[in-house]
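Hydrogens, waters and symmetry mates are skipped; everything else that's a heavy atom, side chains included, is used. All figures in this text were calculated on a predicted structure; none of them were measured in a lab.
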Amino acid sequence: MSVLVYLIPIALFLGLLGLAAFLWSLRSGQYEDLDGAAERILFDEDDDDSAPPR
C-alpha cells in the first residue's frame, strides 16, 4: 500500500507531461497539414540533372 504513495504521483506527473507535450505540438502547428506529406511523396521533384535518363 505504501508503494501507491510513489506510483500515483509518478503516474500523474507522466500524464501531465504527455498532455503538455500534446498541447505544445498543437500550438506549434504539427497537425496543420495532415495531407501534405501524403501527397508530396507522389510527386517526383528530382532536380538532379546529372543522373542519366531512364
Novice: With a 4.5 Å cut-off on side-chain heavy-atom distances among I, L, V, M, F, W and Y, is there a chain of contacts connecting L42 to L34?
Specialist: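 Hydrophobic grouping puts L42 apart from L34.
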Novice: Considering residues, nucleotides and ligands other than L4, do more than 12 of their heavy atoms fall under 6.0 Å from its CG?
Specialist: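 Counting other residues, nucleotides and ligands, CG of L4 exceeds 12 neighbours.
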Novice: Quick one: do D33 and R40 make a salt bridge, cutoff under 4.0 Å?
Specialist: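 Looking at R40 together with D33, the answer is yes, because their closest N to O distance falls below 4.0 Å.
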Novice: In Å and rounded to the nearest 0.5 Å, what is the CG to CG distance from L14 to L7?
Specialist: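 Going from CG on L14 over to CG on L7, the span is 10.5 Å.
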Novice: Is there a path of hydrophobic side-chain contacts, each under 4.5 Å between heavy atoms, that joins L16 and F13?
Specialist: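 Different hydrophobic clusters.
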Novice: How long is the straight-line distance from CD of Q30 back to CZ of F22, given to the nearest 0.5 Å?
Specialist: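 Taking CZ in F22 and CD in Q30, the distance rounds to 11.5 Å.
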